[in-house]
Amino acid sequence: SGTDVYAGGAFVSAGGFMSNAHKVARWDGTAWHALGPGLDKNVSAVAVSGSNIYVGGTFHDAGGVLNADNIARWDGANWHALGNGLSDGVWDIAVSGSDVYAGGKFENAGGIANADYIAHWDGSSWNALGLGVDAEVFAITVFGTDVYVGGSFKNGGGKPGADYIARWDGSAWHALGSGLNLAVQSIAVSGTDVFVGGKFSDAGGIEKADYVTRWDGSSWHALGSGLDSWVYAIAVSGSDVYAGGYFTDAGGNPHADKVARWDGLTWHALFPGLNDNVFALAVSGSDVYIGGNFIDAAGITKADRIVRWGKASPLYLPIILSKN
């Protein structure tokens, strides 16, 4: 959001805010800032829409606001509940205008039947997306009128083949080909391409579509020879696709540890890689912000859990998020 970067997780301090930066914090390019008194338990999802910051996780207290269970909104000064909150963990949030989509482990959002694991907040109430899905949702991306949803579900919206990933067009669910064979953890859309990362090893029967794949609107495609382990985060910027996760090899590149860049033809390392798993990626201009379990990226002290990679000058730069 402008020059601001929002981080959520299990941390209890950021850049010296020992008492307030609980589980969520804002980086303005120079310093960390707390969001009020923070949250009481872990944050798994952050989505920005103008001056509103939507946060999801497993918390029950957002600045002392009642009913801010597992999801809340920060308006720049205060925390707000979304209705009566949600009954269980929220793993991802996507925002489009006044529409907020939440996915996770919850059921019956707002008391609405079928508002299970995925639900839509319209600014005043929770709504189901048709028949919903039958198991946890880990990834949501909105593109135009389409909402792409990934997780551990099968037959999303009751559609055969909508396994682990499905598309909601505002009124009906659609399968993406024959779906995937294991959970989806991240989705990013660029034009007609949908990039998907997760735990799967089969996308439409395409060889090497392991852990990361591309849907072009009608077929699944491999990205080179794929990756060697799970993908938890994907971000797209122009012709570049960034992937982060558990892997230590991308397309045969042995330096692509935990994070890598696909340029449409080849995988590249963000040399020299990271020393532990990546769970979040965001791109702003030529900068890539990376979050995960790593410490001391490329030997840079204090580059713990979150770091900035500059494509124009390829170095990891610390932004100092303290350890848990």
Side-chain angles (χ1 to χ4, degrees), residues 1-2 6 45-54 56 71 73 82 90-104 109 114-115 117-133 137-151 153 156-159 161-180 184-198 203-204 212-221 223 231 233-243 262 264 280-285:
S1 175
Y6 292 87
V46 180
V48 180
S49 179
S51 60
N52 290 313
I53 314 302
Y54 295 90
I71 191 167
R73 176 175 64 89
L82 277 65
V90 171
W91 310 144
D92 203 9
I93 299 172
V95 184
S96 177
S98 60
D99 295 317
V100 180
Y101 298 91
N114 296 326
Y117 311 108
I118 179 78
H120 164 221
W121 173 257
D122 63 11
S124 59
S125 62
W126 288 103
N127 304 275
L129 278 65
L131 297 177
V133 298
V137 166
F138 303 124
I140 309 170
T141 296
V142 180
F143 189 78
T145 58
D146 290 323
V147 183
Y148 292 90
V149 179
F153 58 84
K159 296 288 184 180
D163 295 344
Y164 305 103
I165 189 166
R167 176 174 63 88
W168 170 256
D169 67 7
S171 59
W173 287 98
H174 303 269
L176 278 64
S178 56
L180 303 169
V184 165
Q185 300 289 153
S186 186
I187 303 170
V189 182
S190 178
T192 58
D193 290 324
V194 181
F195 295 94
V196 182
V212 64
T213 185
R214 176 175 64 89
W215 172 256
D216 67 5
S218 58
S219 302
W220 291 105
H221 300 269
L223 276 64
V231 170
I234 289 184
V236 181
S237 177
S239 60
D240 290 322
V241 180
Y242 295 89
W262 170 255
L281 291 169
V283 182
S284 177

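Please read these numbers as outputs of a predicted model, since none were measured by experiment. In what follows, every heavy atom counts, from backbone to side chain, and hydrogens, waters and symmetry copies are set aside.
- How far CG of D169 is from OG1 of T145: 7.0 Å, rounded to the nearest 0.5 Å.
- Between atom OG of residue S98 and atom CG of residue N52 there is a gap of 10.5 Å, rounded to the nearest 0.5 Å.
- Here the side chains of Y101 and L129 are in contact, with some heavy-atom distance below 4.5 Å.
- The backbone N or O of S125 sits less than 3.5 Å from a side-chain atom of N127, completing a donor-acceptor pair.
- Side-chain contact between L82 and W126: present, with at least one pair of heavy atoms (C-beta onward) separated by less than 4.5 Å.
- No side-chain heavy atom of V149 sits less than 4.5 Å from a side-chain heavy atom of Y117.
- Counting all heavy atoms, side chain and backbone alike, H221 lies closest to D216 at NE2-OD2, 2.8 Å.
- Closest heavy-atom contact between G204 and S178: CA-OG, 3.8 Å.
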Which is it for D99 and H120 under the side chain to side chain contact (heavy atoms under 4.5 Å, CB included) test, yes or no, and what are the steps along the way? CA-CA 7 Å; D99 295 317; H120 164 221; 2.7 Å; yes
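- Taking every heavy atom of both residues into account, L131 and G157 meet most closely at CD1-O, 3.8 Å.
- The CG atom of D193 lies 9.5 Å from the CZ atom of F143; values are rounded to the nearest 0.5 Å.
- If you take CZ on F138 and CD1 on I165, they are separated by 13.5 Å, rounding to the nearest 0.5 Å.
- Distance alone, capped at 3.5 Å, is enough to place a donor-acceptor pair between the T141 side chain and the I187 backbone.
- Taking the six-membered ring for Trp and thresholds of 30 and 60 degrees, W173 and W168 have ring planes inclined between 30 and 60 degrees apart.
- Here the closest non-hydrogen pair linking D92 and I140 is OD2-N, 2.8 Å.
- Summarising the geometry, atom CD1 belonging to I93 is positioned 9.5 Å from atom OH belonging to Y54; distances are rounded to the nearest 0.5 Å.
- No side-chain heavy atom of Y148 sits less than 4.5 Å from a side-chain heavy atom of V196.
- Pairing each heavy atom of A162 with each of A175, the nearest pair is N-CB, 3.7 Å.
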Report the C-alpha distance between V137 and F153 in whole Å, list the side-chain angles of each, state the deciding distance to 0.1 Å, and finish with yes or no for side chain to side chain contact (heavy atoms under 4.5 Å, CB included). CA-CA 7 Å; V137 166; F153 58 84; 4.2 Å; yes
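- Not one N or O on the side chain of T213 forms a donor-acceptor pair closer than 3.5 Å with the backbone of W220.
- Shown here for A139 and V184, the closest heavy-atom pair between the two residues is CB-CG1, 4.5 Å.
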